[in-house]
Amino acid sequence: MDQVKLLGAWPSPFCYRVIWALKLKGVRYEYIEENLFNKSELLLQYNPVHKKIPVLVHGEKPIAESIIILEYIEDTWRQNPLLPADPYERAMARLWTKFEEDKSPTFFTFFQTVGEQQEKATNEAKELLGIVEEHGLGDKKFFGGDRIGLADIAFGWIAGWLEAMQEAIGVKVLEADRFPRLQAWIKNFREVPVIQENLPDYDGMLAYFKRLREMFISATSHTL
Amino acid sequence: MEKPRSEVVLYGTWASAYCTRVQLALKLKGIAYEYVEEDLTNKSESLLHYNPVHKKVPVLVHKGKPIAESLVILEYIDDCWNNSPNLLPLDPYQRAKVRFWANFYDQKIIPSSYAVVLSKGKEQENAIKEFNELLTVLEEGIEKDFSTKFPFNGEREALGFLDIVVGAHACNYRALEEAVAVVVEPKEHPAFLSWVTKLKEYPLMKETLPPHDKLAARMRERFSLAPKRNIATL
């Protein structure tokens, strides 16, 4: 059987997506931690186009881009499917996964900016959460229905990373009295055993986001 | 709400490459469908009903259920009508590589082409330079990943996923050049241009692509007469 390696960098939520998928399917893998400030020859060889993590290497075959990796994992290891069998339900999962990909820059802006720019991003982010809650999640327990699937994994950063991000900045998008269904989803998502056992520790993340936030703020002030 | 339509309905606009993609896929699979031309300055009730989140085309409605986003629609068509020809290859690793380059095209090449048409003078020169650099990445990447120069669908008779995704957009490059500027440097990308030229002659592509003159006129109207525009109005 071909060996599986995952090149990642703590605490990247994109890496955790792949970790969750591999563990949900019971696929054994070797994890290689990358230093993103000093990228290894291996990473540059396996992902010459984007030079980013995560990269999954199956045998000698490298696959980059977390969602594409998830689809590859789904195609290759058929147990515990991440996508439903029905073509329409599959399309809905892919649609919301794509929505997450296309709209996540708003959340980066929310995290990376200050002042008016951040205020605008904060409002946009709240709008997006509303859309996700109403149209994506609806009345379902998970985006995938009764079980977690591709879209839940794609939105997983909301369940594991957003809180620390908010605390690091001192601004909330996921307000306590809003988005009840999304809040319920977060709780349910975190209770799935594979997820529960594979989330970055909160304090470590908070320290990390605080440092990152400092970097962005000082970069901003230098350009003023 | 209008009366119920055929089993498969595509809401689109004639100039949109994203819509052309879906038409190509439906025709390739021999799927009967009804096409509804939308006026994006006056969106129909149906479109707003079927795509309330983005209010965009293309939207495919199959037995009353809507799917949006061209790449998602293509995968849906492949999943649902899994007769040959397959749009995506069957091997998981080949599929991953096709998806990778389809995403690269949409996330890097197409935005770069917008940057060209929405700028002028020196800024446009830089945008053209960047576009050509990205095109080189695409060419080299596809050659490495599929071990074949264009056309990378190899011995296949039918168009593949990447032919559709890239071709629906790239085959219109002459209209863009007439309306705005020469974007693809012929000396830098002979392989890409030769592939696009071949693709344009493919009967299904020929009959599905928007008419050249009409498209060039539309692009001239939108891009060469006025200064920078909001992408949302495209």
Side-chain angles (χ1 to χ4, degrees), chain A residues 2 18 45-52 55-78 83-105 127-128 130-138 150-151, chain B residues 18 22 49-56 58-82 88-111 133-134 136-142 144-145:
Chain A
D2 278 339
V18 181
Q45 177 201 327
Y46 284 140
N47 191 2
V49 174
H50 298 299
K51 306 177 178 54
K52 289 201 234 174
V55 179
L56 188 80
V57 187
H58 187 200
E60 278 305 303
K61 299 178 284 196
I63 302 111
E65 299 292 287
S66 64
I67 301 303
I68 293 176
I69 295 172
L70 294 184
E71 294 258 19
Y72 174 80
I73 290 172
E74 177 71 354
D75 279 342
T76 305
W77 292 279
R78 313 304 293 263
L83 283 169
D86 174 66
Y88 188 74
E89 295 307 315
R90 291 161 81 83
M92 291 304 104
R94 288 181 170 131
L95 194 62
W96 287 100
T97 300
K98 185 165 202 304
F99 184 90
E100 190 283 329
E101 280 191 294
D102 291 344
K103 302 298 181 187
S104 51
E127 249 184 74
L128 289 171
I131 291 172
V132 169
E133 185 184 60
E134 193 190 327
H135 294 273
L137 193 57
L150 186 74
Chain B
Y18 302 110
V22 181
H49 169 73
Y50 286 130
N51 192 0
V53 173
H54 298 299
K55 308 175 177 57
K56 289 202 268 188
V59 177
L60 188 77
V61 183
H62 185 202
K63 296 182 186 170
K65 298 203 281 194
I67 305 115
E69 298 294 318
S70 65
L71 296 184
V72 175
I73 297 172
L74 291 185
E75 295 238 17
Y76 174 77
I77 289 171
D78 218 20
D79 267 351
C80 210
W81 289 275
N82 51 12
L88 279 168
L90 298 175
D91 172 70
Y93 188 50
Q94 299 301 319
R95 285 163 87 83
K97 290 191 279 190
V98 167
R99 284 175 174 140
F100 180 90
W101 290 109
N103 269 282
F104 182 87
Y105 196 84
D106 275 12
Q107 283 162 13
K108 300 285 183 192
I109 304 257
I110 292 185
E133 284 167 6
L134 287 169
T136 301
V137 174
L138 179 75
E139 281 179 314
E140 291 178 354
I142 284 184
K144 174 166 168 254
D145 270 358

Given Glu69(B) and Arg94(A), is the salt bridge (Lys or Arg N to Asp or Glu O under 4.0 Å) satisfied, shown in steps?
-> CA-CA 9 Å; Glu69(B) 298 294 318; Arg94(A) 288 181 170 131; over 6 Å; no
CA sep, side-chain torsions, deciding dist, call: His58(A), Tyr93(B), side-chain hydrogen bond (donor to acceptor under 3.5 Å, both in side chains) = CA-CA 9 Å; His58(A) 187 200; Tyr93(B) 188 50; over 6 Å; no
Looking at Gly136(A), Pro62(A), Ala64(A), which one has more heavy-atom pairs under 4.5 Å with chain B than the rest?
-> Pro62(A)
With a 4.5 angstrom heavy-atom cut-off, could you sort out which part of Ile131(A) is near chain B: side chain, backbone, both or neither?
-> side chain
Chain A contact via Trp101(B) - side chain, backbone, both or neither, heavy atoms under 4.5 Å = side chain
Bottom line for Lys97(B): the part with an atom under 4.5 Å from chain A's heavy atoms is neither
So, the part of Asp91(B) with a heavy atom under 4.5 Å from chain A: the answer is neither
Contact leader toward chain A among Val53(B), Leu71(B), Val137(B), where contacts are heavy-atom pairs under 4.5 Å | Val53(B)
Under 30°, 30 to 60°, or over 60°: which ring-plane class applies to His62(B) and Tyr76(B), parallel, tilted or perpendicular?
-> perpendicular
Note: vs chain A, highest number of non-hydrogen pairs under 4.5 angstrom among Arg99(B), Arg95(B), His54(B) is Arg99(B)
Asp102(A): partners by salt bridge (charged side-chain N to carboxylate O under 4.0 Å, His left out), with sequence neighbours left out = Lys98(A)
Atom of Ala151(A), atom of Thr97(A) and distance for their closest heavy-atom approach = CA-OG1, 3.5 Å
Please indicate whether Lys52(A) has more than 12 foreign heavy atoms, meaning atoms of other residues, nucleotides or ligands, lying under 6.0 Å from its NZ.
-> no
Would you mind telling me which of Met92(A), Arg90(A), Glu65(A) has the largest number of heavy-atom pairs within less than 4.5 Å of chain B?
-> Arg90(A)
Heavy-atom proximity to chain B below 4.5 Å, by part of Trp77(A) | neither
Residues that Glu134(A) engages under salt bridge (charged side-chain N to carboxylate O under 4.0 Å, His left out), provided they are two or more places apart | none
